[in-house]
There are 4 protein chains.
Amino acid sequence: MSTARRGGRTRSPESHEAALAAAADLLEEQGYRAVTIEAIAARSGVAKSTLYRWWRSKPELVMEAYTRKVAERVAEPDTGGVEGDLAAFLAEVYRIAGYPDRVRALRGLMAEAQLDPEFLPAFREWVDGRRAIVVAMLERGIARGELRAEVDVEHAVDLVFGPFWYRLLVEHAPLDPADAPRHAAAILGGLRG
Amino acid sequence: MSTARRGGRTRSPESHEAALAAAADLLEEQGYRAVTIEAIAARSGVAKSTLYRWWRSKPELVMEAYTRKVAERVAEPDTGGVEGDLAAFLAEVYRIAGYPDRVRALRGLMAEAQLDPEFLPAFREWVDGRRAIVVAMLERGIARGELRAEVDVEHAVDLVFGPFWYRLLVEHAPLDPADAPRHAAAILGGLRG
Amino acid sequence: MSTARRGGRTRSPESHEAALAAAADLLEEQGYRAVTIEAIAARSGVAKSTLYRWWRSKPELVMEAYTRKVAERVAEPDTGGVEGDLAAFLAEVYRIAGYPDRVRALRGLMAEAQLDPEFLPAFREWVDGRRAIVVAMLERGIARGELRAEVDVEHAVDLVFGPFWYRLLVEHAPLDPADAPRHAAAILGGLRG
Amino acid sequence: MSTARRGGRTRSPESHEAALAAAADLLEEQGYRAVTIEAIAARSGVAKSTLYRWWRSKPELVMEAYTRKVAERVAEPDTGGVEGDLAAFLAEVYRIAGYPDRVRALRGLMAEAQLDPEFLPAFREWVDGRRAIVVAMLERGIARGELRAEVDVEHAVDLVFGPFWYRLLVEHAPLDPADAPRHAAAILGGLRG
DNA sequence: ACATAACCGAGACGGTACGTCAGGTCTTGAC
DNA sequence: GTCAAGACCTGACGTACCGTCTCGGTTATGT
């Protein structure tokens, strides 16, 4: 498609950044409930109409703010063995639970994804990016013969992320990076040849 | 403060039931977004002030409506072996995914639990009731020597419910009761002696 | 549930009055442009939603505020003769021009009546009430034989109010109560037997 | 509209005309409310910034559009006598009322003149041009001895235009060219020697 | 048996946030 | 050096629900 820009003032990077920063700050400082379009506009100095020009809805703005300002890249570990890799990955993921700000942010995004059907795809896209890391990890394990070839990779990935989200959302038990090796072992125990 | 009841009209069971029924209907028919106090009042004919007299907030009303009108008892299976029990339980749980109404309801409740800190306890209480079934199941397995005694039961339960919720919330893959035996095997594979 | 009933908290006279007072004040102090629903809400302490409950639109609120708080009753003069009556009436009407606040108010209302078709009827109703005074005056003159019976009363009334509004709106010339007798004479000159 | 032809871009009369035409069309077709700068820009293809370069505000643009595109020259009648002249003039003026488009336009301009103090002068200038016709007419009558020399010409002109505007704005009665002679007689009745 | 007080409906109230729209200013790039 | 395109802030609009608060009327006790 032609991106026929035939003139016009160019988009202000300052406004764009300020909006994302304000959204990210509100998300972390006060939780998702405090993230309103009006609050983002007030805090960033960007007009509401400008926000609506660039983001179709609040959750899309917040999702972008989260991925750009809050989420850190989770490195793809490579310890030589699948159990070590998984333990390292889980430990890194569990560490998030130590930062209440980020927990609030994640929970709010998950909630919004449930309440706003139009937001779910954007959220899922991000989730899928994270899943891909684990998929690659497990397939490496299969290739190395550490795991059975018939393993249900989708369910295996769910065994990695499912408990994480479940604890995050229900808060019935803490997430401790120290538990990562045991959890990794429990997950892989059923997947070996 | 004396709370001497010296007479007075008694609580109307009709209003109570009508409110719960309206909330449940709205929850299933149109999803959580459509469940507003005003809609419940309008549909049930129960006044807003009466709703607020008996429930402190919308989510508490809806949670009660869900457990009383929507959720069916999940029978505690007993097939003689832990893997059979777990497979039967998972199959029953996964069946929920075949009813979009109930899926919408569950997702909405989970979302509200994230956004409203005062609701989380009520939601968690319900969740804990469901967890207890699996806890009992696994402990029976340990007692019978099918599982190692040192098993991290909490994490094991998370391996059961985590993937369920994760798929429900993210919708990256369907939940099929036919997968239950394989999933049960994968979960228990790492917990055996 | 049961049949239709009529309960409910009664309308707050304080809010009602406060809204009208705020609207009238804004109208006089700063002119019609400053009269916004938001400003009325802010100044009166009455919620916007309450304003919209009681008045369908801003102009209707302002019209009510004007008639109740600003407009003074123009006494129906009775000097015994139609020319004296008319001169007295015109003098009183022209006096309005000496109060810039009220001029601003009148002009704003007239303008809004042009721009908002739904407001015109409310405005016209008020205008008609004022016309009736002059109609009665002229008919008394006809009854007394001071004016010809075939006089076009409608146009005669227009000769009274038309120049008033015209000067008010266009501001090409001042309105001076001292001119009233001469104007009365000019108007009646063409209406006599 | 088309753009520049030769090198070294010059000011575009096409844009100018297109803007006026769009404003006039909108004014007549949909009334003053529909005449927005955005609508004029969209319909004419002239950029908002270009509009603001040539006219300081919307009403000034619209006023120019009205006088150039909508208003027809009202011929200065000369029947030999002031009453005939006035009757002819009034008939022509009243005929405007038969064209709803032009009525809408006039009412909108009058309204805007009230709400926007910066526009009033431009509007008054146009009004004064029309007044001058009647002034000349009456002064001819005085010179011919048909009217008293002491006549208050300003008020006399108001007796001509006042009722016209008053009926246009309030719409309490129709304006019919057939009434022109009677109205002329009523107006002049009080001004004769 | 009847007074008392809690119950219930209706709905008005002060609020918060929504998403939209037009105004008027400013910036960029094409011609 | 004009002009289109259009980004930008401002400010008001009217709507939807929220949770609280009267009202007037109703009904089941406890004395």
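On a predicted model such as this, the values are computed, not experimentally measured, just so you know. In what follows, chains carry the letters A, B, and so on, assigned in the order in which the sequence lines appear, proteins first and then strands, with residues in each chain numbered from 1.
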Subject >> Side-chain ion pair, A:Glu17 and A:Arg68, N-O less than 4.0 Å >> reply: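 A salt bridge links A:Glu17 with A:Arg68.
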
Original post:
Are A:Arg33 and B:Glu112 close enough for a salt bridge, meaning some N to O gap below 4.0 Å?
Top reply: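 Looking at B:Glu112 together with A:Arg33, the answer is yes, because their closest N to O distance falls below 4.0 Å.
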
Original post:
Do other residues, nucleotides or ligands put more than 12 heavy atoms under 6.0 Å from the CZ atom of C:Arg56?
Top reply: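 No.
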
Original post:
OP1 or OP2 of F:dC3 sitting under 4.0 Å from any side-chain N/O of D:Trp54?
Top reply: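 Affirmative; the distance criterion is met.
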
Original post:
Do B:Trp54 and B:His16 have ring centroids that are under 6.0 Å from one another?
Top reply: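 No, the ring centres sit 6.0 Å or more apart.
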
Taking [atom1] from [X] and [atom2] from [N], how many angstroms apart are they, rounded to a whole number?
X       : N      : atom1 : atom2 : result
A:Arg11 : F:dA5  : CZ    : C1'   : 17 Å
A:Trp55 : E:dC18 : CH2   : P     : 15 Å
B:His16 : E:dC8  : NE2   : P     : 10 Å
D:Leu61 : E:dG24 : CG    : C1'   : 14 Å
D:Glu17 : F:dC3  : CD    : P     : 13 Å
C:Glu14 : F:dC21 : CD    : P     : 17 Å

Original post:
Nearest to the side chain of C:Thr10, which nucleotide is it out of E:dG24, F:dC23, F:dC18?
Top reply: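 So the side chain of C:Thr10 is nearest to F:dC23.
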
Original post:
Taking the side chain of A:Lys58 as its heavy atoms from C-beta onward, which of E:dC18, F:dC8, F:dC18 lies nearest to it?
Top reply: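 In terms of side-chain proximity for A:Lys58, the closest of E:dC18, F:dC8, F:dC18 is E:dC18.
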
**OP:** Give the intermediate values and the outcome of side-chain contact (heavy atoms from CB on, under 4.5 Å) for residues C:Arg104 and C:Glu28.
**Re:** CA-CA 7 Å; C:Arg104 259 201 298 272; C:Glu28 293 205 300; over 6 Å; no

Subject >> Nucleic acid contacts of residues 108-125 of chain B, taken as heavy-atom distances under 4.0 Å to DNA chain F >> reply: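 Under 4.0 Å from DNA chain F: no residue of residues 108-125 of chain B.
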
**OP:** Identify, residue by residue, the members of residues 31-53 of chain C with a heavy atom below 4.0 Å from DNA chain F, and return them in order of residue number, or none.
**Re:**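 The answer is C:Thr36, C:Ile37, C:Glu38, C:Lys48, C:Tyr52.
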
Subject >> Euclidean distance, C:Ile37 CD1 relative to C:Lys48 NZ, rounded to 0.5 Å >> reply: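 Here the interatomic distance stands at 8.5 Å.
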
Original post:
Looking at E:dC13, does its base get a donor-acceptor pair with the side chain of C:Arg9 below 3.5 Å?
Top reply: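 By the distance-only test, no, there is no pair.
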
Original post:
So C:Trp55 and C:Val62, side-chain contact (heavy atoms from CB on, under 4.5 Å) or not? Walk me through it.
Top reply: CA-CA 9 Å; C:Trp55 292 277; C:Val62 178; over 6 Å; no

Original post:
So which heavy atom on A:Arg43 is nearest to which on A:Gln30, and how close?
Top reply: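 A:Arg43 and A:Gln30 have their closest heavy atoms at NH1-OE1, 4.3 Å.
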
Original post:
side chain to side chain donor-acceptor pair (under 3.5 Å): which pairs involve residues 114-125 of chain A, sequence neighbours left out?
Top reply: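 Residue pairs with at least one partner in residues 114-125 of chain A: A:Gln114-B:Arg107.
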
